[in-house]
Amino acid sequence: MGRAWLRGKKALVTGAARRIGRAIALALADEGVHVVLHSSTSAGEARDLASEIEGRGVSAWTVQADFRRPPELESLVGRALDLAGGLDVLVNSASIFPASRLEDLTFPGLLESLEVNAWAPLVLSRELARRVGAGRIVNLEDTRIAGFDRTHAGYMLSKHVLAAITRALALELAPGITVNAVRPGLILPPPGEDLRYVERLAGKLPLRRHGDPEDVADAVVFLASSGFVTGEVVYVDGGRHLRESAVDHSPPR
């Protein structure tokens, strides 16, 4: 079956207006998928992307939701279904990346990361299961959960929770829905930095280069097209997780 299964299907991609989410939406469109583009604050960019996707011969719709507002989050799948007339694929790409360290992380700060990065994917996945009952879910995690990023503690904890949610949903939603994850690594510079940021770090990776959003999108397309892969994690990180997991994080004796 493979990628041929995707043609004519309908997908909801969260955080689709920018960065990796945008690349995923375009990659799905290139496979013949009609795409509902979610954004929170980038409605103009989402509309521009919808026009670009429609130029590729498939349909696209835009929908806004702030995941920190429960009514907007809880209604998103229903609104996407109303727009597209069906849903077959959910890609949970939206996330926030606030700076924090364990020593200054606040409970409200942790809750904000959890709400957007973990709770929202869970709510949307449950709604897909309740309203549709079949399909494919792909979550965007992060290769850094193989180690630890001390400067983004709340974000890291939220991605660990998302990883647990991915595994649990793969069991809970089988056999009708597959649930998998992609863990990107050094792909794009964080907001406020330019490409030199990732180029400086690329030499530390086993493959000695950074990736592109399209590398992540290719992995998402594979997982969205496979009907016999579930509970799986694909690292798209140039081998970074191999070094992260090899580091001894135990306290000194």
Side-chain angles (χ1 to χ4, degrees), residues 11-25 35-46 49 62-80 87 89-102 104-130 137-145 148-169 179-185 187-193 213 216-217 220 233 236:
L12 168 60
V13 180
T14 69
R18 296 178 177 177
R19 296 168 65 86
I20 290 174
R22 184 180 190 278
I24 291 168
V35 190
V36 181
L37 307 168
H38 158 264
S39 66
S40 176
T41 60
S42 308
E45 290 166 281
L49 178 58
T62 63
V63 62
Q64 283 186 271
D66 183 342
F67 289 166
R68 291 164 291 193
R69 297 179 178 175
E72 296 183 21
L73 168 62
E74 292 162 7
S75 66
L76 179 56
V77 168
R79 286 183 284 152
L87 276 181
V89 177
L90 168 63
V91 181
N92 288 304
S93 174
S95 68
I96 58 173
F97 187 60
S100 63
R101 292 178 175 271
L102 284 177
D104 58 31
L105 179 64
T106 64
F107 188 58
L110 174 59
L111 282 182
E112 183 178 34
S113 288
L114 286 169
E115 194 168 29
V116 175
N117 298 345
W119 178 247
L122 174 58
V123 170
L124 297 178
S125 298
R126 292 191 311 197
E127 281 296 289
L128 182 73
R130 184 176 73 85
I137 297 172
V138 183
N139 294 327
L140 270 288
E141 297 175 4
D142 194 307
T143 189
R144 279 172 288 197
I145 65 175
F148 192 69
D149 177 353
R150 291 189 174 96
T151 61
H152 295 88
Y155 167 85
M156 290 293 297
L157 292 171
S158 71
K159 290 294 186 177
H160 277 285
V161 173
L162 178 59
I165 288 170
T166 299
R167 292 191 297 271
L169 285 177
V179 186
N180 295 287
V182 175
R183 291 183 182 173
I187 304 294
L188 290 170
E193 300 284 353
V216 181
V220 171
V233 174
V236 183

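With respect to Arg144 and Asp149, a salt bridge is recorded, a charged nitrogen being found less than 4.0 Å from a carboxylate O.
Distance check: Leu105 CG to His152 NE2 gives 12.0 Å after rounding to the nearest 0.5 Å. Here the straight-line distance linking atom CG of Asn139 with atom OG of Ser125 works out to 5.5 Å at 0.5 Å rounding. The CD atom of Glu112 sits 5.0 Å away from atom CZ of Arg68, with the distance rounded to the nearest 0.5 Å. Taking CD of Glu127 as the reference point, atom CG of Leu90 lies at 11.0 Å (rounded to 0.5 Å). One finds the OG1 atom of Thr151 at 11.0 Å from the CG atom of Leu102 (value rounded to the nearest 0.5 Å). Atom-to-atom distance recorded for Asp66:CG and Glu115:CD is 8.5 Å, nearest 0.5 angstrom.
No side-chain heavy atom of Asn92 sits under 4.5 Å from any side-chain heavy atom of Leu162. Counting heavy atoms from C-beta outward, Arg79 and Glu72 have side chains that approach closer than 4.5 Å. By the 4.5 Å heavy-atom criterion applied to side chains, Met156 and Ile145 are counted as neighbours. Side-chain contact between Ser113 and Leu157: absent, with no pair of heavy atoms (C-beta onward) separated by less than 4.5 Å.
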In sequence, state the C-alpha distance, the side-chain angles, and the governing distance for His38 and Phe67, and then conclude on ring-ring contact (aromatic ring centres under 6.0 Å, His included). CA-CA 11 Å; His38 158 264; Phe67 289 166; 4.6 Å; yes
Any chance you could lay out the side chain to side chain contact (heavy atoms under 4.5 Å, CB included) test for Val220 and Val13, step after step, and finish with the verdict? CA-CA 11 Å; Val220 171; Val13 180; over 6 Å; no
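Of the options Leu124, Val36, Val63, Val123, a side chain to side chain contact (heavy atoms under 4.5 Å, CB included) to Val77 is made by Leu124 and by none of the others.
The closest side-chain donor-acceptor pair between Glu141 and Thr166 falls under 3.5 angstrom.
Closest of all the heavy-atom pairs between Val236 and Ile187 is O-CD1, 3.9 Å. Smallest separation of non-hydrogen atoms from Pro121 and Val116: CD-O, 3.6 Å. Between Ala25 and Val35 the shortest heavy-atom distance is O-CG2, 3.9 Å. The two residues Ala46 and Leu37 come nearest to each other via the heavy atoms O-CD1, 3.6 Å. For the pair Gly21 and Ser93, the tightest heavy-atom approach, listed with the atom from each and the gap, is CA-OG, 3.5 Å. Listed here is the closest heavy atom pair of Ala94 and Asn117: O-OD1, 4.4 Å.
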